[in-house]
A.B. asks: 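Sharing a structure with you now.
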Amino acid sequence: MKRAFLLIPGILLCGVVTVVSLGIQAVEERVFDHPYIEALVVAILLGMAVRTAWQPSERWRSGIAFSAKQLLEVAVMLLGASISFAAIVASGWLLIAAIAVTVAIMLVVSFGLSRLLGLKTKLSILIACGNSICGNSAIAAVAPVIEADGDDIASSISFTAILGVLMVLGLPLLIPLLKLSATQYGILAGLTVYAVPQVLAATVPAGILSTQIGTLVKLVRVLMLGPIVVGLSLFVARRRKSATGAAKAVAISPFKLVPWFIIGFLVLAALRSFQLVPDIAIAPVTKTAAILTVVSMAALGLGVDVRVLSTVGGRVTAAVTLSLLLLLGLSIALVHFFK
């Protein structure tokens, strides 16, 4: 009980940053119809601004740390309730295979490029997952699995967010330049734009068909996050086991290999797929997960030392930009097979 009481100040501080961030997003939605800069990005930037002006004392740190880790893990678990494997099958195996291959190729390419630029392994993984799957949400989901620190998360999210907005603004220009059909442009937007709201913003100018296809492709791409997170958790567990010198092949419970929140994610996804989660519960659960994610991003921002960001900024920018350009090129080549 005493420990829980000590968490309150830091959690409340993260909550204040979250409320302000959600308010800014609401203003964006009212003015532009879609949030070009999502609340979770605003939260981390506001958190960083507060940290720059003020150094939190020990009174605040425990709650901030709890919000950055435990609340984020709960948010990741809750996302499983919004996943239905049946929706993936219904979209067609050829398109599903194309999306999976694109994600797999870009994971390898983005990670390799980041490492060549001298970035740390964990930061390279975050950039690769963010670029290949769903931007900030993928980074937020993968971070606790690989035990990435706040500086790496903030670095990858900050630069990914900036380029995500530029993609929304610039991608429609490719429609006349490449003479893309509504179907082709929808697939291109779904494969390259980071967040689902940003896909909507990027495809609305091209018509309802592009919006529908782009959203479907994007959702399928987001679902690639589940297997990747599970795979990373198994890989991290194996490396941790090897580092401790436990080389014997012994049967290990999956509950020890896979973090609890990933197991929860898969269980909720399975329940949703078998229609054991009522439709009326999906919206509240998804909304709760989204709010908890914003709270966690506020906590991460409050724990970021901006001086660390300045030391990796140029390399991170190069890694994210080059990875995004390669993804765009691969996606343009792919869409020519879909008329």
Side-chain angles (χ1 to χ4, degrees), residues 88 91 93-143 145-146 148 152-153 155-168 170-171 174 178 180 184-196 198-199 202-203 213-233 235 315-338:
I88 303 304
S91 62
W93 290 108
L94 180 59
L95 182 57
I96 293 173
I99 297 169
V101 169
T102 301
V103 169
I105 290 174
M106 289 311 305
L107 278 171
V108 175
V109 171
S110 295
F111 177 78
L113 181 60
S114 298
R115 293 293 289 150
L116 284 174
L117 289 170
L119 299 180
K120 295 182 296 183
T121 299
K122 291 181 180 180
L123 179 56
S124 298
I125 292 174
L126 294 179
I127 290 174
C129 292
N131 179 74
S132 306
I133 307 171
C134 51
N136 305 323
S137 298
I139 293 170
V142 169
V145 175
I146 64 174
D152 287 347
I153 299 170
S155 297
S156 51
I157 282 182
S158 297
F159 294 106
T160 299
I162 294 171
L163 289 178
V165 173
L166 293 178
M167 281 293 292
V168 170
L171 199 64
L174 295 180
L178 301 179
L180 299 174
Q184 289 175 318
Y185 180 69
I187 295 173
L188 179 63
L191 285 173
T192 56
V193 178
Y194 291 138
V196 174
Q198 291 177 339
V199 171
T203 54
I213 293 174
T215 302
L216 174 62
V217 171
K218 178 60 190 173
L219 290 176
V220 174
R221 186 175 159 209
V222 169
L223 286 181
M224 300 293 121
L225 182 60
I228 289 168
V229 170
V230 172
L232 281 172
S233 67
F235 176 73
R315 287 175 290 154
V316 174
T317 302
V320 176
T321 303
L322 291 175
S323 295
L324 182 57
L325 290 175
L326 290 171
L327 173 62
L328 184 60
L330 178 62
S331 300
I332 289 173
L334 178 65
V335 297
H336 286 295
F337 290 97
F338 297 91

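All values below were derived from every heavy atom in this structure, side-chain atoms included, with hydrogens, water molecules and symmetry-related copies excluded.
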A.B. asks: With a 4.5 Å heavy-atom cut-off, do Leu171 and Thr203 have their side chains touching?
C.D. replies: no
A.B. asks: Taking atom CD1 of Ile125 and atom CD1 of Ile139, what is their separation to the nearest 0.5 Å?
C.D. replies: 12.5 Å
A.B. asks: How far apart are the closest heavy atoms of Val222 and Cys134, and which atoms are they?
C.D. replies: CG2-CB, 3.8 Å
A.B. asks: About how many Å separate NZ of Lys120 and OG of Ser114, when rounded to the nearest 0.5 Å?
C.D. replies: 13.0 Å
A.B. asks: Please evaluate residues Leu334 and Leu330 with respect to the criterion side-chain contact (heavy atoms from CB on, under 4.5 Å), reporting the C-alpha separation (whole Å), side-chain torsions for both, the decisive distance (0.1 Å), and the verdict.
C.D. replies: CA-CA 6 Å; Leu334 178 65; Leu330 178 62; 5.7 Å; no
A.B. asks: Given side chains that start at C-beta, do those of Thr321 and Leu324 come closer than 4.5 Å, heavy atoms only?
C.D. replies: no
A.B. asks: Looking at every heavy atom in both Gly186 and Ile213, which two are closest together, and how far apart are they?
C.D. replies: C-CG2, 4.0 Å
A.B. asks: Are Leu328 and Leu188 packed together at the side-chain level, in the sense that at least one heavy-atom pair is separated by less than 4.5 angstrom?
C.D. replies: yes
A.B. asks: CD of Gln184 to CG of Leu174: how many Å apart, nearest 0.5 Å?
C.D. replies: 12.0 Å
A.B. asks: Roughly how far apart are Leu216 CG and Ile187 CD1, rounded to 0.5 Å?
C.D. replies: 9.5 Å
A.B. asks: Would you indicate whether the side-chain heavy atoms of Ser132 and Met224 approach each other to under 4.5 Å?
C.D. replies: no
A.B. asks: Work out which heavy atom in Ile127 is nearest to a heavy atom in Ala319; give both atom names and the distance.
C.D. replies: CD1-CB, 4.2 Å
A.B. asks: With side chain to side chain donor-acceptor pair (under 3.5 Å) as the rule and sequence neighbours excluded, what pairs involving residues 94-111 come up?
C.D. replies: Ser110-Asn131, Ser110-Ser323
A.B. asks: With a 4.5 Å limit on heavy-atom distance, are the side chains of Leu326 and Met106 in contact?
C.D. replies: yes
A.B. asks: Do Val220 and Leu95 come close enough that some side-chain heavy atom pair is under 4.5 Å?
C.D. replies: no
A.B. asks: Using the side-chain contact (heavy atoms from CB on, under 4.5 Å) rule, take Ile228 and Val103 through it: C-alpha gap first, then chi angles, then the decisive distance, then the call.
C.D. replies: CA-CA 10 Å; Ile228 289 168; Val103 169; 3.9 Å; yes
A.B. asks: Could you check Leu123, Leu116, Thr121 and say which one makes a side-chain contact (heavy atoms from CB on, under 4.5 Å) with Leu119?
C.D. replies: Leu123
A.B. asks: Minimum heavy-atom separation for Ser331 to Thr192, with atom names?
C.D. replies: OG-CG2, 3.4 Å
A.B. asks: If we only count heavy atoms from C-beta on, is the Ile146 to Phe235 side-chain gap below 4.5 Å?
C.D. replies: no
A.B. asks: Would you name the heavy atoms of Ile133 and Ala138 that are closest together and state the gap between them?
C.D. replies: CB-CB, 4.1 Å
A.B. asks: Are any of the side-chain heavy atoms of Cys129 and Leu107 separated by less than 4.5 Å?
C.D. replies: yes
A.B. asks: Test side-chain contact (heavy atoms from CB on, under 4.5 Å) on Val142 and Leu225 and set out the steps.
C.D. replies: CA-CA 9 Å; Val142 169; Leu225 182 60; 4.1 Å; yes
A.B. asks: Hey, what do you get for CZ (Arg221) to OH (Tyr194), rounding to the nearest 0.5 Å?
C.D. replies: 8.0 Å
A.B. asks: Measure the spacing between CG of Leu178 and NE2 of His336 and express it to the nearest 0.5 Å.
C.D. replies: 6.0 Å
